[in-house]
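What you are looking at is a predicted structure, and each value in this text was computed from that prediction instead of being measured.
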Amino acid sequence: MEKVTVRFAPSPTGPLHIGGARSALFNYLEARHTGGRFIVRIEDTDLERSKREFEDEIIQSLKWLGLDWDEGIVVGGENGPYRQTERLEIYQQYVRKLLEEDQAYYCFCTEEELEKEREQQMAADGLVRYSGKCSHLSREEVQKRIAAGEKPAVRLRVPPGKQLEVHDYVRGDVRFDTDTMGDFIIVKNDGIPVYNFAVVLDDVLMGVTLVMRAEEHLSNTPRQLLIYQALGFPTPAFAHVSLILGSDHQKMSKRHGATSVMAYREMGYLPEAVFNFLALLGWSPEGEQEIMTQEEIIAQFDVNRVSKSPAVFDLNKLNYINQQHIKRLSLEEFKRRMRPYLENSEFSEDIKTLSEEKYSVLAQALKDRLVCLADVKDQARVFLRRQEPEKEAQELLAIPENQAMLKTFAEEFSAFDFQEAAEIKSFIKKFIKNHQLNAKNVYMPLRSALTGVTHGPDLPWLILFWDKQETLDRIWTALE
RNA sequence: GGCCCCUUGGUCAAGCGGUUAAGACAUCGCCCUUUCACGGCGGUAACAGCGGUUCGAAUCCGCUAGGGGUCACCA
């Protein structure tokens with residue numbers, strides 16, 4: 001595969017959502033795989049909805065995911081600026097050219113007029129396109145109306161009866177007929193170019209060779225093709241990636257649950273897991289390995305293996321992938337990543353005063369049990385708090401034999417010194433053997449006495465965490 | 001409604017004219033185990049339908065059905 005120049009061009013009208021992140025990711029992967037260039041630029045021509053804080057959040061999200069870019073917003077580059085509102089003069093030159101060549105014309109129609117026209121067409125034959133009302137205004141008339149203070153938009157003349165072909169890496173060749181579209185607006189009456197026009201110019205001027213984006217843009221592509229042609233620019237290759245759907249097979253939206261990348265961070269998903277999961281949504285590697293590092297995915301990624309059909313976002317799978325990535329973390333790394341989730345919980349104070357050793361014990365006990373890092377909030381409770389025994393635990397503690405066993409255990413345990421979980425495990429084992437008991441009849445009452453519940457992390461870890469005194473104290477308390 | 005795209009198990013998906021139609025998640029069962037997890041083993045489960053083309057179709061073509069996208073002075 002030859003080197004590509006690709007780009008991700010979000011509009012800062014909201015947080016980066018899963019779908020956008022996947023588009024960004026695929027572009028990034030293709031660039032890194034081929035040794036090409038990845039550009040990130042901001043499409044903020046919608047003045048009403050664009051917000052700087054969204055731009056910041058999007059950038060943060062991309063970075064969190066582990067993406068970086070060679071050129072664009074934040075990092076700069078020779079083809080800047082990288083915010084469309086800062087490129088207005090550039091666009092103007094080309095609009096002027098198109099106007100002079102009569103490939104485009106001024107349109108004075110009002111939104112109300114156009115709205116009405118569309119409604120009528122929809123009711124009639126369903127063929128919605130601009131009537132061409134302003135396409136033959138004389139130069140004089142145009143001058144007069146502009147002088148009178150009217151603010152026109154600019155439309156591109158669409159040649160009738162022309163076939164347009166989009167060569168698409170994932171769809172194959174898709175054909176469109178210009179007869180199904182009318183002259184469309186390229187500059188709004190406030191002088192700001194419309195997305196379709198600005199993207200083309202940006203892509204050309206920045207040397208983009210492959211336009212990879214969501215499938216919803218496929219039907220926009222013929223319009224963009226027309227702009228490339230009018231301007232005399234060569235067209236890039238395209239790749240329209242299918243959408244990500246919710247469980248009801250509708251385009252994923254808020255009502256399907258969390259949609260923003262940041263929300264997944266807050267829930268305790270690892271960036272490398274989200275990276276891995278998103279890569280697998282619409283793309284599959286050649287081998288059977290699914291849990292992969294960023295490097296492994298880059299090495300294998302290929303646009304030609306991108307799927308045509310839309311994919312349903314499956315939280316179960318994300319959970320699994322996240323769990324796998326947590327398991328693969330080194331203990332030190334895990335400790336580092338888990339910390340903020342604990343510090344932002346009700347255990348904030350406990351964690352701050354906890355010794356490094358204790359924190360390490362906690363981490364080892366929990367590491368392979370978590371689906372999400374945020375789960376530590378629940379899982380840590382048993383270590384850090386005491387709770388009233390639940391029903392099942394109470395029942396176990398009410399049995400006389402269990403009480404007697406616990407008393408003996410406490411006595412022997414008070415004479416036992418330990419430093420590692422393994423030592424505690426063998427101590428319990430020996431205890432069971434010496435008293436000719438069966439394991440379950442020791443462990444379950446002991447667990448009940450110590451934690452008040454009948455399931456949870458391995459007992460030796462809990463005991464090691466508490467140390468001798470706290471452990472004994474818990475047993476005696478339970479026996480009362 | 002016009003145009004365009006899509007259709008392999010519940011989900012992600014491999015497959016690119018000849019396969020017992022992979023694998024993963026989920027689910028179910030068994031094993032491991034003090035418990036819950038983890039891990040191991042195994043089971044259930046799919047080519048939307050109909051017509052072609054072909055010695056042979058999940059794979060190629062057509063139609064039908066279903067789903068989706070888009071028809072903005074949003075991107």
| task | Remember a base hit wins even if backbone is also touched, and classify A:Phe176 as base, sugar-phosphate or nothing at under 4.0 Å, heavy atoms. | result | sugar-phosphate
- request: Check if the side chain of A:Arg129 and the base of B:rC71 share a donor-acceptor pair of N or O atoms closer than 3.5 Å.
  value: no
Among B:rC74, B:rA13, B:rU35, the one nearest any side-chain atom of A:Ala311 is B:rA13
Q: Under 4.0 Å between any heavy atoms, over every strand shown, what does A:Glu286 touch: base, sugar-phosphate, or nothing? Just pick one.
A: nothing
Examine the base of B:rC38 for any acceptor or donor lying under 3.5 Å from a partner atom in the side chain of A:Asp368, and report the outcome as yes or no. no
Modelled atom types, side-chain donor and acceptor of A:His240 and A:Thr221, under 3.5 Å | yes
Looking across every strand, which nucleic acid part, if any, lies under 4.0 Å from A:Leu114 by heavy atom: base, sugar-phosphate, or nothing?
base
Would you call A:Lys116 and A:Glu119 a salt bridge, taking side-chain N to carboxylate O under 4.0 Å as the test? no
query = Can you check whether A:Arg155 reaches A:Ser135 side chain to side chain, under 4.5 Å on heavy atoms?
reply = no
Give a yes or no on whether a salt bridge exists between A:Arg474 and A:Glu470, defined as a side-chain N under 4.0 angstrom from a carboxylate O.
yes
For nucleotides B:rA48 and B:rG67, find the distance between their C1' atoms and express it as a whole number of Å.
11 Å
To the nearest angstrom, the CD1-P distance between A:Ile326 and B:rA37 comes to 17 Å
Taken to the nearest whole Å, CZ/A:Phe54 to P/B:rA75 is 16 Å
_If you define the side chain from C-beta out and look only at heavy atoms, does anything of A:Val204 sit under 4.5 Å from A:Val208?_
no
Q) When rounded to the nearest Å, what value does the distance between C1' atoms of B:rU20 and B:rA46 take? A) 15 Å
**Prompt:** At under 4.0 Å between heavy atoms, what does A:His240 touch on the DNA or RNA strands: base, sugar-phosphate, or nothing?
**Reply:** nothing
Margin query: Quick check: do A:Val158 and A:Phe184 have side-chain heavy atoms less than 4.5 Å from each other?
Written below: yes
Encoded 5' to 3' (Watson-Crick or G-U under 3.5 Å; [ ] crossing; | other strand), RNA chain B becomes ((((((((.[[[..)..(....]]].(((((.......)))))....[[[[[..)....]]]]])))))))....
**OP:** Provide the distance between the two P atoms, one in B:rU11 and one in B:rC5, to the nearest whole Å.
**Re:** 24 Å
task: Remember a base hit wins even if backbone is also touched, and classify A:Arg213 as base, sugar-phosphate or nothing at under 4.0 Å, heavy atoms.
output: nothing
Ranking A:Thr180 and A:Ser307 by the position along RNA chain B of their nearest nucleotide, the one closer to 5' is A:Thr180
Verify whether one side chain among A:Gln294 and A:Tyr28 offers a donor that lies under 3.5 Å from an acceptor in the other.
-> yes
Q. What interatomic distance, in whole Å, is found between C1' of B:rC50 and the corresponding atom of B:rG42?
A. 38 Å
Indicate whether the side chain of A:Glu412 and that of A:His435 have a donor and an acceptor atom separated by less than 3.5 Å.
yes
task = Ignoring hydrogens and angles, answer whether the base of B:rA75 and the side-chain atoms of A:Asn220 contain a donor-acceptor pair closer than 3.5 Å.
result = yes
In whole angstroms, the gap separating P of B:rU33 from CG of A:Asn438 amounts to 13 Å
Integer angstrom distance from the P of B:rU59 to that of B:rC73: 42 Å
If we take the P atom in both B:rC28 and B:rG66, what is their distance in whole Å? 34 Å
Distance-only donor-acceptor test (3.5 Å): side chain A:Lys317, base B:rA24: yes
The residue, A:Asp314 or A:Met122, whose nearest nucleotide of RNA chain B is more 5′ is A:Met122
Any base atoms under 4.0 Å from A:Leu218, or only sugar-phosphate, or nothing? Heavy atoms, all strands. sugar-phosphate
Taken to the nearest whole Å, NZ/A:Lys308 to P/B:rA13 is 14 Å
Do any side-chain nitrogens or oxygens of A:Lys425 fall under 4.0 Å of OP1 or OP2 in B:rU34?
no
- Query: When all nucleic acid strands are considered with a 4.0 Å heavy-atom cut-off, which category describes A:Asn189: base, sugar-phosphate, or nothing?
  - Reply: base
When we call it a touch if two heavy atoms are under 4.0 Å apart, what does A:Cys109 touch: a base, just sugar-phosphate, or nothing?
base
When we call it a touch if two heavy atoms are under 4.0 Å apart, what does A:Ile185 touch: a base, just sugar-phosphate, or nothing? base
- With a non-hydrogen cut-off below 4.0 angstrom, is A:Thr45 in contact with a base, only sugar-phosphate, or nothing? sugar-phosphate
> How would you label the contact of A:Arg369 with the nucleic acid (heavy atoms, under 4.0 Å): base, sugar-phosphate, or nothing?
Replying inline: base
Rounded to whole Å, the CZ-P distance (A:Arg223 to B:rC71) equals 7 Å
| said: Do the side chains of A:Arg87 and A:Asp202 get close enough for a salt bridge, i.e. N-O under 4.0 angstrom? | reply: yes
Query raised in the report: Just checking A:Gln324: base, sugar-phosphate only, or nothing, at a heavy-atom cut-off of under 4.0 Å?
Result: sugar-phosphate
**Asked** Is there aromatic stacking of A:Tyr320 against B:rC25, centre distance under 5.5 Å, plane angle under 30°?
**Response** no
Take atom C1' in B:rA13 and the same atom in B:rG52, then report the distance between them in whole Å. 29 Å
- Does the pair A:Glu420/A:Lys425 count as a salt bridge with the N-to-O cut at 4.0 Å? no
Check: Which value, in whole Å, describes the distance between the C1' atoms of nucleotides B:rC60 and B:rU54?
Finding: 10 Å
Under 4.0 Å, counting only non-hydrogen atoms across every strand here, what does A:Gly287 touch: a base, just sugar-phosphate, or nothing? nothing
With a non-hydrogen cut-off below 4.0 angstrom, is A:Leu281 in contact with a base, only sugar-phosphate, or nothing?
sugar-phosphate
